[in-house]
Amino acid sequence: MSTVLGPTRPQDDEVPRTAERRGPRLRGDLIAAALGCALVAVAALYGWAAIHRGVKILVGWPPVLAEWLPHFHRGGIAAIVIAVLVVVAGPTIAARLRWGPLLLLTYLAAAAWTFSLALIDGYQVGIVSRLATPTEYLVEVGRYPGLRPFLTTFAGRIVGMTPDTLVTHSSGHPPLATLVYVWIAEYWKPGGEAASLVTLFVGASAAVAVAVTIGALGGIRWGSLRPGSVELPLSADAMETGRSLARRYIPFGVLFPGAVWVGVSADGMFAAVFAWAVAFFALGAVRRGVLGSALCLLGGLAFGASLFLSYGLAAFGLAPVAVAVLVRRWWPLVVAAVGVVVVVVLFHLGGFFWFDGYTQVKIRYYQPGEFGLMRPFRYWVWANFAAFALAIGPAVVVGLRRLAWWPRQVPAAMVLLVGAAVLAVAAADLSGLSKSEVERIWLPFGTWMVLACALLPPRSARWWLAAQAVLALLVNSLLLTTW
């Protein structure tokens, strides 16, 4: 059976196998990780210096929105236990467990990791109160007027400083983001606890969606991208190759440092919804017939829902295109587009047009008194990447370095999907609409960049897993994050 990186490549060494090259590549990995750490340090030092000069950086501990407050509640002990178990046994279990049970275990482990990280702050602060602040969606739940009047007045309530103006997070996102919390309150129970638990446990499923996607597509090789060269359904060898790649990703998907903000911020939930959209679309794209079309349509509906959860997810539109390029089929895109159009039309008929909302958000972002106007672009245009580095972790930085250095030796699916995420981050950064808080805002992109960790050789994978876990534990224990 071929390995995940080619039939002539050993599993632990994807590019030139000579012993002479192994040392330099390890040094390159360490240099990449050190540069990521240096970027964080420079952003912090420069940010503090700017604050002392009176510049309105507007975060408590640059480059992230947090306050320096060392703390550790007893519940956080579970986070340490989970981290040790995944570091020690995760790669072995991921390599040997059957695919279905492995996906279930992946979700349970990711959910437990995310939940236990939140418990470092204590249940009340880390879970119950997270989404109950005056700027969060739950404020709008309390004054929800009904679906039709909510949608028809939504865009008109984005800009302004009146009592009727939408609160910060509701105004900065399309209406479905607020409606999710309205429905949680109506069909389960109101309050921050229910809202946070749903958000956290949905957000934790993103790792499973990414694994499903790469499991379906990871066996497609560069040579297969010629027109008509991809045979569907994929062969058993191709499917096993994709799943082998997913198995190497899974431990890193579980110990994602961004789980600090997945538990609890709505952006973690948005990341999961979009990840499942890609997963359903990928599963449909590699199948023919009614089932394939149904899965693509389901993916399209989820893509459409994503657009009405976060305007920023429009920047990730290359993800489904990347899947279509991989399978050399455009029909799945057509079917998915139908699903997107259905969602757009339903919201339009309800009284909300996506572009109207987006236009108003840009005005709101730069209106007097808003952080978007005051935060200096010249700092955040590069400091954003430092904040994001804390969310993705050093292992992802190293994986991205390997992917960029040897793209032809990397599975095509990984290059295209991770590349789409990188381009989305670049577009979001240069837009000027992401100045600070990207440690949570870019979670939908960061979850896909973790795929690059599958390129790390097994002989060093546990060390990088440990680095990811230690980073998350330190961030959550030394800083009191807003989410």
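Count residues from 1 along the sequence. Computation of the quantities below employed the complete heavy-atom set of this structure, encompassing side-chain atoms and omitting hydrogens, waters and symmetry-equivalent molecules.
- Using a 4.5 Å heavy-atom cutoff, the side chains of Trp99 and Leu102 are in contact.
- When side chains are defined from C-beta on, Val210 does not count as touching Leu417, because their heavy atoms never get closer than 4.5 Å.
- Here the shortest heavy-atom pairing between Ala285 and Val323 reads CB-CG1, 3.9 Å.
- Contact of the Val182 side chain with the Tyr187 side chain is not registered, since no non-hydrogen atoms from C-beta on lie closer than 4.5 Å.
- Between Trp382 and Tyr46, the ring planes are perpendicular. Angles over 60° get that label, and only those under 30° would be called parallel.
- Trp113 approaches Ala79 most closely through the heavy-atom pair CZ3-O, 3.4 Å.
- Once rounded to the nearest 0.5 Å, the distance linking CG of Leu307 with CZ of Phe274 reads 8.0 Å.
- Side-chain atoms of Trp442 and Asn384, non-hydrogen and from C-beta on, do get closer than 4.5 Å to each other.
- Checking side-chain atoms of Ser293 against main-chain N and O of Val290 turns up no donor-acceptor pair under 3.5 Å.
- Although no hydrogens or angles enter the test, the distance criterion places no donor-acceptor pair under 3.5 Å between the side chain of Arg440 and the main chain of Ser265.
- More than 12 heavy atoms of other residues, nucleotides or ligands lie within 6.0 Å of CZ in Arg53, so this atom counts as buried by the packing criterion.
- Between Trp483 and Leu65 the shortest side-chain heavy-atom distance falls below 4.5 Å.
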Determine, stepwise, if the pair Tyr144 / Glu186 fulfils side chain to side chain contact (heavy atoms under 4.5 Å, CB included).
CA-CA 11 Å; Tyr144 178 65; Glu186 286 186 351; 3.9 Å; yes
As a quick check of understanding, evaluate side chain to side chain contact (heavy atoms under 4.5 Å, CB included) for Trp61 and Trp48, giving each step before the final call.
CA-CA 8 Å; Trp61 196 89; Trp48 280 114; 3.9 Å; yes
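- Note: Leu326 CG to Ile220 CD1 = 5.0 Å, rounded to the nearest 0.5 Å.
- A donor-acceptor pair is defined here as one N or O able to donate and one able to accept, closer than 3.5 Å; no such pair exists between the side chain of Arg364 and the backbone of Val159.
- Rounding to the nearest 0.5 Å places CG of Leu234 at 9.0 Å from CZ of Arg287.
- Judged by distance alone, the side chain of Asp429 and the main-chain N or O of Val425 form no donor-acceptor pair under 3.5 Å.
- Ring planes of Phe347 and Phe352: perpendicular class, angle over 60° (limits at 30 and 60°).
- Across all non-hydrogen atoms, the minimal contact from Asp267 to His173 is OD2-NE2, 4.2 Å.
- A perpendicular orientation is assigned to the rings of His73 and His71, their planes being inclined by more than 60° (bins at 30° and 60°).
- Scanning both residues, Arg143 and Thr165, for their nearest heavy atoms gives NH2-O, 2.8 Å.
- Proximity of Thr106 to Val254: side-chain heavy atoms (C-beta onward) are separated by under 4.5 Å at one or more points.
- Taking all atoms of both residues into account, the shortest heavy-atom contact from Ala272 to Ala206 is CA-CB, 3.9 Å.
- The one candidate from Thr199, Asp121, Thr482 that meets the side chain to side chain contact (heavy atoms under 4.5 Å, CB included) condition with Arg130 is Asp121.
- Remark: Tyr358 OH is loosely packed, at most 12 non-hydrogen atoms of other residues, nucleotides or ligands lying under 6.0 Å away.
- Val396 places none of its side-chain heavy atoms less than 4.5 Å from the side chain of Phe256.
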So Val344 and Trp354, side chain to side chain contact (heavy atoms under 4.5 Å, CB included) or not? Walk me through it.
CA-CA 8 Å; Val344 173; Trp354 190 90; 5.6 Å; no
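- Separating the OG atom in Ser431 from the OH atom in Tyr311 is a distance of 14.5 Å, to the nearest 0.5 Å.
- The main-chain N or O of Arg375 is found under 3.5 Å from a side-chain atom of Lys435 such that the two form a donor-acceptor pair.
- Residues His169 and Tyr137 share a closest heavy-atom pair of O-CE2, 3.5 Å.
- Ring-plane geometry between Phe303 and Phe281 is classed as perpendicular, the angle between the planes exceeding 60 degrees on a 0 to 90 degree scale with a lower cut at 30.
- Screening Leu471, Asn476, Val475 against Pro257 for a side chain to side chain contact (heavy atoms under 4.5 Å, CB included) leaves a single residue, Leu471.
- In this structure, CG in Leu443 is found 14.5 Å from CH2 in Trp448, a value given to the nearest 0.5 Å.
- With hydrogens and angles ignored, the 3.5 Å screen pairs a side-chain donor or acceptor of Tyr379 with a backbone N or O of Ala43.
- Remark: the backbone N or O of Gln124 is not paired with any side-chain donor or acceptor of Glu193 at under 3.5 angstrom.
- The distance between the ring centers of Phe150 and Phe154 falls below 6.0 angstrom.
- The main-chain N or O of Thr178 is never found under 3.5 Å from a side-chain atom of Glu140 such that the two would form a donor-acceptor pair.
- Between the side chains of Glu437 and Trp261, not a single donor N or O lies within less than 3.5 Å of an accepting N or O.
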Verify side chain to side chain contact (heavy atoms under 4.5 Å, CB included) between Phe115 and Tyr123, making sure each step is shown before the conclusion.
CA-CA 9 Å; Phe115 186 75; Tyr123 188 75; 4.1 Å; yes
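- Annotation: side chain of Leu138 is in contact with side chain of Val141 (closest heavy-atom distance under 4.5 Å).
- Rounding to the nearest 0.5 angstrom, the gap separating the CG atom in Asp356 from the CD atom in Gln360 is 7.5 Å.
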